[in-house]
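Nothing here was measured: the structure is a model prediction, and the numbers come from that model. These values consider heavy atoms only, across backbone and side chains, with no hydrogens, waters or symmetry-generated copies.
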Amino acid sequence: MKRYLIIRLFQSLLAMLAISMIAFVLSHLSGSPVDAMLPDDAGPEEAERLIRLWGLDRPYHEQYLVFLGNALQGNLGDSIKWSGQTAMGLVLDRLPATLQLGGFAIIVSTIIALPIGVLAAVYKDSPFDSFGKLIALLGQAMPNFWLGIVLIWVFAVTLNWFPTSGRGGLANMILPAIAMGWFQVAALMRLTRSAMLEVLDSEYVKLARIKGVPEWRVVWVHAFRNAAIVPLTYFGLIAGSIFTGSVVIETVFAWPGTGLLAIDAIRGRDFPVVQAVVLTFAGVFILANLIVDTLYAYLDPRIRYR
Amino acid sequence: MGAGATPAIEVRDLETQIDTKLGLIKAVDGVAFTVDPGETLGIVGESGSGKSITALSLLRLVPRPAARIVGGEVILDGEDLLRKSEAEMRKIRGRHISMILQDPQTSLNPVFSIGAQVVEAIAMHAKGSRDSLLKRAIEALRHVRVADPARRVDDFPHQMSGGMKQRVVGAIALGSSPRVLIADEPTTALDVTIQAQYLRLLKDIQAETGLAIIFITHDFGVVARMCDKVAVMYAGRVVEYGPVREIFVNPAHPYTRALLKSVPTIEEDVERLYSIRGQPPAFWDMPRGCRFEPRCDVALPHCKQDYPPEFTDPGSGKTRHCASCWALEETEWTRNRS
């Protein structure tokens, strides 16, 4: 178990390192920052001075190491658009809002999707199963930005049940969470259903019934504990798409999170902030997968004892 | 067992249907047998002959919703299991009638420890503290000769060999001391030496506890070693039934004879092993008459018309030797009233 987790942790660090390299390379692909920074009437000596000051004349690997060293200390430079603020500071200010909405969406999707998936498998081909299929089909067919707009139109503008936008209490979170989570509910539900169908057909489920185990225990203990590994795997991916999704959903609902910040930063060519957002998203994504891997080991002894 | 002993289990005219894409089929069609305490009945037949569905029907665990038991009786303790409610049935499974499945690699739950799985089997039918249940589980594992059971209860299935796993399955099946055990090809997936050990283990436990065993197999070697009597199944029906000695020495049904002929022997050196020509009939396209007729070497014109009645060997003892074949009409065997 320990060995497994240490290996996973090491792999996570490696992934993070690779992402930092990509972020660094991308920042150079977009041209020299000096050209963008200097006023139009600046002379070559002025440019020369800035280049020397920022170390842009040094070899790339040295530049990368300096970048990495700073990044490790949480220093990704100052924002260009919002003067006087550091890039990392801006991201960290906005991160709680994104985590709040994303976390809410993930928890609600899971609470809805898993039981429906399990029951759809247990009552396969029943009206309940068809109902589940319909929910899943809708969730996977509707793009989330469109769903967001429709939700605002129907429930906020027409019915006036929820606020149209902005951050606030539970009422503010419900519409964006539905827009973000419906696709996830659909995917999680379908995965849970098919995993359960396979497990319910297994010999050990048969043996549990032979023992005289009541059906609820067969389904929720014997079968679900095994089937849960499949939706759990998907869970790591969800954590990622909740954040990438947040870029769109936060824009639609004017939710002041990192997604909205990313859009603003990209529009303003605020490269340090974009970099900080990308690295933070990557960090959260990798952390989520690390948690998933740990849960894996808890669920399945075959992984624990490897 | 002496005459007059009440059978541990009695099955009469069992019929189980399966709803397939190609229509409703009768996978088990009028199967009947009795097993006394301490006795072993072998159910023999090819794959798809209805052996396993018969076994699952006794436990009322046929795959739902496709399969349905539509007729017959399964008498245990003077009561018909087919009339029990699902809740009553649950108290009977594992406690009075239990089963060992074919493949030990897949019949244990991979995410629970051995101890937890045996404890659960016991806890379903007994009350007690965690400690006392664990003690009983360790005892059950010792009973099926798992070495050092007190330590092994914390192991997970993937840490055990196939033979060891099948012993654990045995401990689970026998944990609540049932009187009837169904063993569905329990040794097919094991190595030959492990097979022999496992069969001996079952025999020893049977001698100790008077367990009635229903042994499903297609291996006549295992039948000879394990069984007191045999039911030969073909296309959902029992075609021959009798004491194991009679079946081997004096097989009456052409299908039984053909099966025995296709068993390899050490004594004889043959170029090519005998094989029964053709395929078993498809369940959705069952012949009107004898189901074995298309593959039978001695078929009479009559065999195509009607399913043969059952004939009994007048010389047979307490366990009657019967077979369903028109060819027996010309012999001294007597036709049973049906």
Other residues, nucleotides and ligands only: do more than 12 of their heavy atoms fall within 6.0 Å of NZ on B:Lys135? no
If you draw a 6.0 Å radius around CD in A:Glu198, do more than 12 non-hydrogen atoms from other residues or ligands fall strictly inside? no
Do you know which of B:Leu101, B:Ile122, B:Asp103 has the most heavy-atom pairs under 4.5 Å to chain A? B:Leu101
Please give me the minimum heavy-atom distance between B:Leu61 and A:Lys206, naming the atom from each residue. CD1-O, 4.5 Å
Would you say the side-chain atoms of A:Lys211 pair up with the backbone N or O of B:Gln117, donor to acceptor, closer than 3.5 Å? yes
For the candidates B:Leu59, B:Leu56, B:Thr106, B:Ile92, which exhibits the highest count of non-hydrogen atom pairs separated by less than 4.5 Å from chain A? B:Thr106
If one checks every heavy atom of B:Arg64 against chain A at 4.5 Å, the contacting part turns out to be side chain
In residues 214-227 of chain A, which residues are in contact with chain B at a heavy-atom separation under 4.5 Å? A:Pro214, A:Glu215, A:Arg217, A:Val221, A:His222, A:Arg225, A:Asn226
Correct closest heavy-atom pair for B:Pro110 and A:Pro301 would be O-CG, 3.1 Å
Of all heavy-atom pairs linking B:Met99 and A:Ile210, the shortest is N-CG2, 3.5 Å
Would one find more than 12 heavy atoms of other residues, nucleotides or ligands at under 6.0 Å from atom OH of A:Tyr298? no
How far does NE2 of B:His158 sit from CG of A:Asp300, to the nearest 0.5 angstrom? 8.0 Å
Enclosure of A:Tyr234 OH (heavy-atom neighbours >12, cutoff 6.0 Å): yes
